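Okay, structure first, notes after.
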Number of protein chains: 2
Amino acid sequence: MVTASRPLRADAARNRDKLLAAATELFAERGLDVPLEHIARRAEVSIGTLYKHFPTREDFVAQIFPQRLAALDVIGEKALAEQDPWQAFAGYLEDLYALQAEDRGLNDVLARDLPNAPEVVSACHRGAGHAGILIDRALAAGVLRADYSITDLATLTRAIAQVIRDSPGEWRRFLSIYAEGLRA
Amino acid sequence: MVTASRPLRADAARNRDKLLAAATELFAERGLDVPLEHIARRAEVSIGTLYKHFPTREDFVAQIFPQRLAALDVIGEKALAEQDPWQAFAGYLEDLYALQAEDRGLNDVLARDLPNAPEVVSACHRGAGHAGILIDRALAAGVLRADYSITDLATLTRAIAQVIRDSPGEWRRFLSIYAEGLRA
DNA sequence: CGTTAATTCGAGGCAACCCTCGACTTACGC
DNA sequence: GCGTAAGTCGAGGGTTGCCTCGAATTAACG
């Protein structure tokens with residue numbers, strides 16, 4: 001039962017776009033918790049209009065992050081193409097956290113449990129799938145500590161998210177130390 | 001020029017104690033950001049009375065945490081008494097984070113830059129002093145990766161603080177992996 | 001006891017953020 | 001052009017937390 005909503009009026013479409021652009025910028029700059037009023041202000045639109053188009057913060061997240069999360073697939077594929085199982089896994093971590101470091105909103109999305117939009121959830125699942133394969137490969141090759149699991153990666157992600165928030169310049173070093181501890 | 005303040009009236013002393021007890025509990029349970037109103041409520045005292053005794057949140061912190069931080073000295077001494085340089089450093093980390101995991105307030109104090117009370121600051125400095133010695137020893141013995149520094153420990157502390165907040169049961173495992181990466 | 005200074009109380013003002021609703025405005029089809 | 005549905009606006013009500021201040025209370029001392 002698809003409810004075919006009629007096309008937006010011209011001004012409405014314009015405002016929707018401005019809101020989306022503003023939200024994209026502000027999420028990236030300030031993180032997921034930026035006040036909705038700020039988004040409205042940057043979009044030069046009233047708060048009422050914001051709520052008309054995006055009744056909840058989640059609606060913004062659902063519109064904005066699926067594309068962002070597509071990058072996860074890219075780095076996943078890239079890592080799967082790498083021959084050396086250790087290099088594949090370690091490179092994946094580097095790329096993943098580099099991504100997070102570039103976008104505070106993405107950092108939040110990946111580090112919290114919150115994001116409920118199905119598109120976002122499925123993107124995360126795909127990411128976890130890639131990571132799972134990389135872990136299995138590395139385990140099979142005996143280059144990763146034998147008890148490592150995807151749960152540890154989730155923990156690491158939240159930890160690194162915090163490092164990125166506190167001191168954006170240090171995550172790479174932190175990761176390199178942690179990664180040493182990962183080798184079998 | 002020491003301003004000798006006269007002793008508190010009996011009821012005032014009682015209320016002060018109740019406030020301190022309530023704050024100690026709530027900081028430990030909920031972290032440093034617990035609303036001051038909650039502290040007043042648990043102490044069964046009005047919000048006005050709370051502000052009379054502790055005009056700022058920092059005043060609570062300054063009264064409560066110096067004793068808590070004394071534990072830092074204890075584990076520092078304990079580690080310095082340990083013969084094996086690696087065991088000394090690794091044990092210190094274990095003890096430190098076990099402490100943090102037991103008290104959300106302490107976790108916050110150690111992981112944020114905020115705490116400005118001189119007593120708190122100096123306790124942190126003493127802790128850093130111990131840690132510095134442990135690091136130097138381990139470096140001299142060649143058991144710690146050669147480029148490790150106290151800055152890395154600060155980063156680790158913030159990262160683990162986050163792990164403790166998110167999933168209190170996992171910090172030990174996380175640390176054990178990281179610590180592997182630390183060996184020379 | 002009575003005095004009085006110290007203490008307590010909590011209503012209420014301020015600020016940030018959330019969200020709603022009805023009056024006004026405007027795009028668009030005719 | 002005009003009528004109308006669609007869209008916009010922003011004042012304002014709700015919440016949570018911070019903090020203040022004057023009226024009411026009370027400990028403590030003679």
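Order of the sequence lines sets the chain letters (A, B, ...), proteins ahead of strands, with each chain counted from 1. Just so we're clear, the structure is a prediction, and the values are computed from it rather than from any experiment.
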[N] [atom2] sits how many Å from [X] [atom1], rounded?
X: E44(B); N: dC9(C); atom1: CD; atom2: P; value: 10 Å
X: D59(A); N: dC19(C); atom1: CG; atom2: P; value: 11 Å
X: R41(B); N: dG17(D); atom1: CZ; atom2: C1'; value: 11 Å
X: L50(B); N: dA11(C); atom1: CG; atom2: C1'; value: 17 Å
X: K18(A); N: dG7(D); atom1: NZ; atom2: C1'; value: 13 Å
X: L19(B); N: dT8(C); atom1: CG; atom2: C1'; value: 11 Å
X: F54(A); N: dC19(C); atom1: CZ; atom2: P; value: 15 Å
X: I39(A); N: dC18(C); atom1: CD1; atom2: P; value: 9 Å

> Just checking, any donor-acceptor pair under 3.5 angstrom between side chains of S167(A) and R158(B)?
Replying inline: yes

> So, D59(B) and T56(B): side-chain donor and acceptor under 3.5 Å apart, yes or no?
Replying inline: yes

Is [X] salt-bridged to [Y], going by a charged N under 4.0 Å from an acidic O?
X: R42(B); Y: E25(B); answer: yes
X: R112(A); Y: D166(B); answer: no
X: R57(A); Y: D33(A); answer: no

>> Counting only side-chain heavy atoms from C-beta out, which of dA27(C), dG17(D), dT8(D) sits nearest to A10(A)?
In response: dA27(C)

> Between dC9(C), dT8(C), dC9(D), which nucleotide has the shortest distance from any of its atoms to the side chain of V45(A)?
Replying inline: dC9(D)

> Checking only heavy atoms, does the side chain of R9(B) share a donor-acceptor pair with the base of dA6(C) at less than 3.5 Å?
Replying inline: yes

Is any side-chain N or O of [X] closer than 4.0 Å to OP1 or OP2 of [N]?
X: T49(A); N: dC9(D); answer: yes
X: N15(B); N: dT7(C); answer: no
X: H53(A); N: dT8(D); answer: yes

> What is the per-nucleotide protein-contact pattern of nucleotides 18-24 of chain D, from the 5' end, where B denotes a base atom under 4.0 Å from a protein heavy atom, S denotes such proximity for sugar-phosphate atoms only, and - denotes neither?
Replying inline: BBB----

> Should E180(A) and R183(B) be marked as a salt bridge (Lys or Arg N to Asp or Glu O under 4.0 Å) after you check the CA-CA gap, both sets of side-chain angles, and the distance that decides it?
Replying inline: CA-CA 9 Å; E180(A) 266 322 299; R183(B) 302 188 97 124; over 6 Å; no

>> Do D147(B) and R173(A) make a side-chain contact, defined as non-hydrogen atoms from C-beta onward lying under 4.5 Å apart?
In response: yes

